Amino acid sequence: MQLTLFEMPRWSGATAFDAFQKWRPAQPGKMGFFKGRYFGVVESPQADRATLDGFTVAVEKALPGSSEGRW
């Protein structure tokens with residue numbers, strides 16, 4: 001698994017939800033998510049959707065914030 005995580009600064013006006021809405025998976029084996037100020041992409045070409053989802057849920061639980069979403 002590879003995790004790319006971005007923290008959206010409060011002063012920038014950009015939000016993790018905005019980044020999440022604009023992101024589209026380019027291929028199978030990728031999942032985007034947001035939680036609070038964080039936007040992330042989980043990648044593993046060999047993983048199925050359930051495995052990606054399980055890993056993503058674990059990452060989300062470790063991050064501060066309240067709102068979340070996955071794609």
Side-chain angles (χ1 to χ4, degrees):
M1 295 281 177
Q2 179 178 338
L3 170 65
T4 305
L5 189 63
F6 301 92
E7 180 180 8
M8 311 307 264
R10 295 181 195 272
W11 54 264
S12 72
T15 68
F17 181 69
D18 291 336
F20 176 73
Q21 284 187 310
K22 293 174 184 170
W23 182 83
R24 296 289 180 255
Q27 60 197 22
K30 289 186 178 186
M31 179 177 281
F33 69 93
F34 75 93
K35 181 171 182 188
R37 296 183 357 215
Y38 298 91
F39 168 70
V41 177
V42 175
E43 300 179 59
S44 180
Q46 303 83 8
D48 61 17
R49 181 141 178 99
T51 302
L52 289 171
D53 191 54
F55 182 82
T56 302
V57 167
V59 170
E60 288 173 336
K61 285 181 181 178
L63 294 172
S66 57
S67 62
E68 59 186 52
R70 276 176 247 125
W71 179 314

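All of these numbers come straight from a predicted model, not from anything done at the bench.
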Asker: Identify the two heavy atoms, one from Gly36 and one from Ala16, that lie closest to each other, and give their separation to 0.1 Å.
Answerer: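 Looks like O-CB, 3.4 Å.
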
Asker: List the steps and the verdict of side-chain contact (heavy atoms from CB on, under 4.5 Å) for Phe33 and Glu60.
Answerer: CA-CA 8 Å; Phe33 69 93; Glu60 288 173 336; 3.6 Å; yes

Asker: Quick one, Gln21 with Phe39, criterion side-chain contact (heavy atoms from CB on, under 4.5 Å). Give me CA distance, side-chain angles, the key distance, then yes/no.
Answerer: CA-CA 10 Å; Gln21 284 187 310; Phe39 168 70; over 6 Å; no

Asker: Kindly compute the distance separating CD (Glu7) from OH (Tyr38), expressed to the nearest 0.5 Å.
Answerer: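 Here the rounded value is 4.0 Å.
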
Asker: Using the ring centroid of each side chain, check whether Phe17 and Phe34 are separated by less than 6.0 Å.
Answerer: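 Yes, the ring centres sit under 6.0 Å apart.
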
Asker: Taking the side chain as everything from C-beta on, heavy atoms only, tell me whether Arg49 gets closer than 4.5 Å to Met31.
Answerer: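 Heavy-atom side-chain distance check passes, below 4.5 Å.
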
Asker: Measure the shortest side-chain to side-chain distance between Val42 and Gln2 over non-hydrogen atoms and say whether it is less than 4.5 angstrom.
Answerer: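 A side-chain contact is absent here, since even the closest heavy-atom pair is not under 4.5 Å.
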
Asker: Got a sec, which residues hit side-chain hydrogen bond (donor to acceptor under 3.5 Å, both in side chains) with Thr4, two or more places apart in sequence or on another chain?
Answerer: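 Thr4: no side-chain hydrogen bond (donor to acceptor under 3.5 Å, both in side chains) contacts found.
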
Asker: What's the shortest heavy-atom distance between Leu52 and Gly29, and which atoms?
Answerer: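 Closest pair (atom of Leu52, atom of Gly29, distance): CD1-C, 3.5 Å.
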
Asker: If you apply the rule side-chain contact (heavy atoms from CB on, under 4.5 Å), what do you find for Thr51 with Met1, and how did you get there?
Answerer: CA-CA 10 Å; Thr51 302; Met1 295 281 177; 3.4 Å; yes

Asker: Can you tell me how far CE of Met8 sits from CG of Asp18, rounded to the nearest 0.5 angstrom?
Answerer: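 Asp18 atom CG to Met8 atom CE measures 7.5 Å (nearest 0.5 Å).
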
Asker: Lys35 vs Lys61, test: side-chain contact (heavy atoms from CB on, under 4.5 Å). Steps then yes/no.
Answerer: CA-CA 9 Å; Lys35 181 171 182 188; Lys61 285 181 181 178; 5.6 Å; no

Asker: Do Asp53 and Thr56 pair up side chain to side chain, a donor and an acceptor below 3.5 Å, judged on atom types alone?
Answerer: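 No pair is found: no donor N or O on one side chain lies under 3.5 Å from an acceptor on the other.
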
Asker: So which atom in Gly40 and which in Leu5 form the shortest heavy-atom distance, rounded to 0.1 Å?
Answerer: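 Heavy atoms only, the tightest pair is CA-CD1, 4.1 Å.
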
